[in-house]
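Input: a single structure, listed below in structure tokens.
All chains are named by letter (A, B, ...) in the order of the sequence lines, taking the proteins before the strands, and each is independently numbered beginning at 1.
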2 protein chains.
Amino acid sequence: MRTGLNKEKIIRVAAEMADEKGAADVTFKELAERLGIKSPSLYKHFIGGLDELNKELMLYGWRLMDGEITKAVIGKAKDDAVIALCYAYRKFVSEHKGLYEVMQWYNMYESEEHQQASAGAVDVMYRALASYELTEEQKVHTVRLIRSFLQGFSTIEVNVGKDYPVPLTDSFDFALKTMLNGIANIQNIVQ
Amino acid sequence: MRTGLNKEKIIRVAAEMADEKGAADVTFKELAERLGIKSPSLYKHFIGGLDELNKELMLYGWRLMDGEITKAVIGKAKDDAVIALCYAYRKFVSEHKGLYEVMQWYNMYESEEHQQASAGAVDVMYRALASYELTEEQKVHTVRLIRSFLQGFSTIEVNVGKDYPVPLTDSFDFALKTMLNGIANIQNIVQ
DNA sequence: CTATAAAGCTAATCGTATTAGCTATTATAT
DNA sequence: ATATAATAGCTAATACGATTAGCTTTATAG
């Protein structure tokens, strides 16, 4: 019988599943169970199989994050904007560990598509830097620094056991200040 | 017949294989072929199967990197030490993309073991900071910043398509300078 | 020399992904 | 309204790698 499913609904369930059980445990078998259908039926929606689902999950994840960090930055400028963006990124990851794994993990394979998917989030970073007096090249460097840090920090935080006696949050703030300080002194930094 | 294999040799072949084909494509099937044995025989060396192999690969990778960055830092202090360490880390990743994937990827599951594996590399970072006038807490923050950046930057660099018109190397240097600048101004940064 | 452990092998099993082909339901064109 | 086509589901069968069971050969300790 018809269940009224479509790609979008399936992706949402798959994303939940990823967050609950980890990216590697999103199987067609269990996804189908959760949706109340049999696993071969999933091929009606994802002809490319598990691979296609993962790609769509990745795209979905980046769109979602894009939305979150965009909201966070609205009406803010300079340091306030950067700080808000970084907090929003970190919050997103903490709430979507599994989905974030897919966003990272799947990138190993389809880097072209991944590039485009994350372009939205990167673009928000550029806009957040608009209010600084920076050359285009300086903006590129800065975005790459912030992006690298956020990505690395998130990965570490998600998988870390202990953050005692020095809380990770303090280190996060420290890092933000260091980077903002770098932006402020950018003329002295770049030859 | 006896082939004279042992864990160490198998791991080395598996590491090569990871670098050639990517972490996800290290299968018992092909690994056995490369070693000239049948895949069930691998269980004589890795009772825990593919899982155990991956864990050992991860440990091997971190030991290897530990050695590399340790060498790089010898006889250097302060900024020179940090710069050398970061370059060595980046070089290691560029030469061991697949192995590095395993080092990252496997961490999702066994975070306790991963912690210990990467502890060596983290320790080298602490030593590299020894020559600065920093409190223990400041060192922790600094190590976490550098580590996050290196991890994020590496992941991005490995999977990125284009670094044109702004070369990634320039961004790497920019980031290093920004972070070193942050270390120099650390008193002003921490409240 | 012999007993035993180690390291290999073949054959069989398991689990998930995937494909093939069938059926009912929905949507659409006449 | 009705005939037709496309869609979304199903069952049965296949494929492929991981894994397990049980056998055999080779080193080696005593």
Which whole-number value in Å describes the distance from [X] [atom1] to [N] [atom2]?
{"X": "D51(A)", "N": "dC16(D)", "atom1": "CG", "atom2": "C1'", "answer": "15 Å"}
{"X": "E52(B)", "N": "dA18(D)", "atom1": "CD", "atom2": "C1'", "answer": "14 Å"}
{"X": "K7(A)", "N": "dG9(D)", "atom1": "NZ", "atom2": "P", "answer": "14 Å"}
{"X": "L50(B)", "N": "dT16(C)", "atom1": "CG", "atom2": "P", "answer": "15 Å"}
{"X": "F28(B)", "N": "dC14(C)", "atom1": "CZ", "atom2": "P", "answer": "20 Å"}
{"X": "I10(B)", "N": "dA6(C)", "atom1": "CD1", "atom2": "C1'", "answer": "13 Å"}
{"X": "L31(A)", "N": "dT16(C)", "atom1": "CG", "atom2": "P", "answer": "14 Å"}
{"X": "L5(B)", "N": "dA6(C)", "atom1": "CG", "atom2": "C1'", "answer": "13 Å"}

Just wondering, are more than 12 heavy atoms of other shown residues or ligands nearer than 6.0 Å to CZ in R34(A)?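 For R34(A), atom CZ is crowded (more than 12 foreign heavy atoms under 6.0 Å).
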
Counting heavy atoms from C-beta on, name the nucleotide in dT16(C), dT19(D), dC10(D) closest to the side chain of I37(A).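 Shortest atom-to-atom distance from the side chain points to dC10(D).
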
Can you tell whether the side chains of R12(B) and E16(B) come within less than 4.0 Å, N to carboxylate O? no

Going by an N to O cut-off under 4.0 Å, is there a salt bridge joining K91(B) and E68(B)? no

Tell me whether the guanidinium CZ or amine NZ of R90(A) lies under 6.0 angstrom from the six-membered ring centre of F172(A) and within 45° of its axis.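 Output yes; distance and angle both within limits.
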
Side-chain H-bond candidate by donor/acceptor type, D66(A) with T70(A), under 3.5 Å: yes

Is a donor from one side chain sitting under 3.5 angstrom from an acceptor on the other, for Q104(B) and Y100(B)? yes

Within residues 39-49 of chain A, residues whose heavy atoms come under 4.0 Å of DNA chain C: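 The answer is S39(A), P40(A), Y43(A), G49(A).
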
